[in-house]
Amino acid sequence: MKKTMVMICTVFLLLATSAIPADNTVYVTKKDYPMALTKEDLDTFHQSITNDDTAVFLKLRQEGRAWMSRAGVQVYIVETEDSGKVKIKPKNATQEIWTLQEALVKQ
């Protein structure tokens, strides 16, 4: 019984700590910056904005693959790229999304 409890506690601790970002700095999102589920969708969505391609913009939004950011959402940075793209995880959420570094401000 003790071994089972120790194993359950160990697994629980591993799961709990894996959900915590390495950097606990909290950032806040700015309004109207592109966000997407994948890095590729972020590129496509950003290009549609830059090139004023309404059809692609609307398609990605309607499919729920990309959207414009809301202001004030607290997030953690999960991954950063030299290109200025960042993968973020909203505070108290599990889904990770991609956006641009300039969409965030340190809280």
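Since the model is a prediction, treat every value here as computed from it, not as a measurement.
Residue pairs meeting the salt bridge (charged side-chain N to carboxylate O under 4.0 Å, His left out) criterion with at least one partner in residues 30-40, sequence neighbours excluded, are Lys39-Glu81.
The hydrophobic cluster containing Val73 also contains Ile88, counting ILVMFWY residues as joined when their side-chain heavy atoms lie under 4.5 angstrom apart, directly or transitively. In the hydrophobic clustering of ILVMFWY residues, with side-chain heavy atoms under 4.5 Å counting as a link, Trp67 and Val75 come out together.
Every residue two or more places apart in sequence or in another chain that forms a side chain to side chain donor-acceptor pair (under 3.5 Å) with Asn51 is listed here: Gln47. With sequence neighbours left out, the salt bridge (charged side-chain N to carboxylate O under 4.0 Å, His left out) criterion links Glu79 to Lys87. Annotation: salt bridge (charged side-chain N to carboxylate O under 4.0 Å, His left out) contacts of Asp53 (sequence neighbours excluded): none.
Nearest heavy atoms, Phe45 versus Met68: CE2-SD, 3.6 Å.
Between Thr25 and Ile77, every side-chain heavy-atom pair lies at or beyond the 4.5 Å cut-off.
One distance of note links OG of Ser83 with CG of Leu42; it measures 8.5 Å at 0.5 Å rounding.
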Distance-only donor-acceptor hits, side chain of residues 91-107, under 3.5 Å, sequence neighbours excluded:
{"unit_1": "Thr99", "atom_1": "OG1", "unit_2": "Pro34", "atom_2": "O", "d": "2.7"}
{"unit_1": "Gln107", "atom_1": "OE1", "unit_2": "Gln74", "atom_2": "NE2", "d": "3.0"}

Return all side-chain donor-acceptor pairs below 3.5 angstrom for residues 54-63, not counting sequence neighbours, or 'none' if the list is empty.
{"unit_1": "Glu63", "atom_1": "OE1", "unit_2": "Arg65", "atom_2": "NH1", "d": "2.5"}

